[in-house]
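Taking it in order: structure first as structure tokens, then the write-up.
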2 protein chains.
Amino acid sequence: MSNSSALFRILADPTRRLILDLLAERGPLSVGQLASEFPDLVASGISKHLMSLRAGGVVSATRRGRQQIYQLEPDALAAGLTPWLAKYEQYWSAALGRLRDLAQEDGAADRLTSRKNVRRKRLK
Amino acid sequence: MSNSSALFRILADPTRRLILDLLAERGPLSVGQLASEFPDLVASGISKHLMSLRAGGVVSATRRGRQQIYQLEPDALAAGLTPWLAKYEQYWSAALGRLRDLAQEDGAADRLTSRKNVRRKRLK
DNA sequence: GTAATGTATTACCGTAGGGTAATATATCTG
DNA sequence: CAGATATATTACCCTACGGTAATACATTAC
């Protein structure tokens, strides 16, 4: 484990990244709730993506009745990426700092609300 | 361009990540110099990886005689990843901060020297 | 009980991508 | 000039992976 390739491969898929975004901004969600955000995909496809995400440790699931509630595991995400990020930290620390300043300048609450990406047709 | 999926896909391959590491720690290198670090891979394979990296904008090449000298393009790397990083910045800013403090505590010069994966050998 | 719902699993298809070998092209050397 | 060197390109194999449909399984509803 602690394999960078696996994590980058997980993040390489736009559907999985959007799933992470949804969990980050809305908190824990069921498979059906997540699937409803992807009108072009079949539910079992979302389930498969969730399996990948769970295998990678970046989400976890708890059963509630007949539905599975998935939630983000930010620590695993950070732990998986930070070693690689740290190697190149000098390169984007400046850019990240600028973004951070900009964000806390105007509101800071909606840094995670990139909702315009959520309902579109073709992912690319 | 500016496509997160493309960049994550590029980073998902361990050979390409190691190429980036080598360019980061040693500066510009020729294809042959890079290929000599991958005894299990054929040179044209490295060339193909370099094409991917160049298409993704994270490296650039300049011709010198009959060899191509590749160099890292850290700005493109940062520009491609920062938007996504910023969304989850709260999650690893702490971890990154700890690493940064640790690094500038002791020397700060060898943050990029994760040499354990790199087989240093005589280049001709 | 039976039926409906929510999710996971399986089987299968098509494409993308990493790997090699062979070939091509350009440049240097003798 | 011929031949060696450095890199790129092409053709091809094979595997991984995203997608679907069909099926299975558990849980709730009637």
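When reading the values below, keep in mind they use all heavy atoms of this one structure, side chains included, and skip hydrogens, waters and symmetry mates.
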Which part of the nucleic acid, if any, lies within contact of A:Tyr70, taking any heavy atom under 4.0 Å across all strands shown: a base, the sugar-phosphate backbone alone, or nothing?
-> sugar-phosphate
Compute the angle between the rotation axes at the two ends of the helix from C:dG1-D:dC30 to C:dG30-D:dC1, each taken over five pairs, rounded to 10 degrees.
-> 10°
Mind checking the OG-CD spacing from A:Ser60 to A:Gln68? Nearest 0.5 Å is all I need.
-> 10.5 Å
Please round to the nearest 0.5 Å and tell me the distance separating atom CD of A:Gln71 and atom CG of A:Leu23.
-> 8.5 Å
Does B:Arg54 have any side-chain contact (heavy atoms from CB on, under 4.5 Å) partners at least two apart in sequence or in another chain, and if so, which?
-> B:Met51, B:Val59, B:Ala61, B:Tyr70
Between CD of A:Gln68 and C1' of C:dA8 the distance, given in whole Å, is 9 Å
Atom CG of A:Leu50 and atom P of D:dG18: how far apart are they, to the nearest Å?
-> 13 Å
To the nearest Å, give me how far apart CG (B:Leu11) and C1' (C:dG17) are.
-> 16 Å
Output yes when a side-chain donor or acceptor of A:Ser44 lies under 3.5 Å from a complementary backbone atom of A:Ser47, and no otherwise.
-> no
Checking B:Ser52 side chain against B:Lys48 main chain: does a donor-acceptor pair fall under 3.5 Å?
-> yes
Report, one pair per line, the protein and nucleotides 11-16 of chain C atoms (nitrogen or oxygen only) whose separation is under 3.5 Å.
none

Hits for side-chain contact (heavy atoms from CB on, under 4.5 Å) against A:Ser5, two or more places apart or cross-chain, chain-then-number order -> A:Asn3, A:Arg9, B:Pro14, B:Arg17
Minimum-distance nucleotide to B:Met51 side chain [options: D:dA21, D:dA8, D:dG19] = D:dA8
Rounded to whole Å, the NE2-C1' distance (A:His49 to D:dA16) equals 14 Å
Using ring pair (Phe, Tyr, Trp, His ring centres under 6.0 Å) as the criterion, list what pairs up with B:Phe38, not counting sequence neighbours.
-> none
Between protein and nucleotides 22-30 of chain C, map the contacts as a letter string: B base, S sugar-phosphate only, - none, heavy atoms under 4.0 Å, written 5' to 3'.
-> B----BB--
Base, sugar-phosphate alone, or nothing: which one does B:Arg16 contact when heavy atoms must sit under 4.0 Å apart?
-> sugar-phosphate
Using atom types as modelled and distance alone, determine if a side-chain donor or acceptor of A:Tyr88 lies under 3.5 Å from a backbone N or O of B:Asp21.
-> yes
For atom CZ of B:Arg17 and atom P of C:dG18, their distance in whole Å = 12 Å
Could you check how far CD1 of A:Ile46 sits from P of D:dG18, rounded to whole Å?
-> 12 Å
B:Leu29 CG to D:dA6 C1', straight-line distance once rounded to whole Å | 15 Å
Run the side-chain contact (heavy atoms from CB on, under 4.5 Å) check on B:Val31 and B:Ile69 step by step: do they pass?
-> CA-CA 7 Å; B:Val31 180; B:Ile69 309 296; over 6 Å; no
Which class fits the ring pair B:Phe8 and A:Phe8: parallel under 30°, tilted 30 to 60°, perpendicular over 60°?
-> tilted
For B:Gln67 and for A:Ala43, locate the closest nucleotide of DNA chain D by heavy-atom distance; then report the residue assigned to the nucleotide nearer the 5' terminus.
-> B:Gln67
Tell me: CG of A:Leu41 to C1' of D:dA21, nearest whole Å?
-> 14 Å
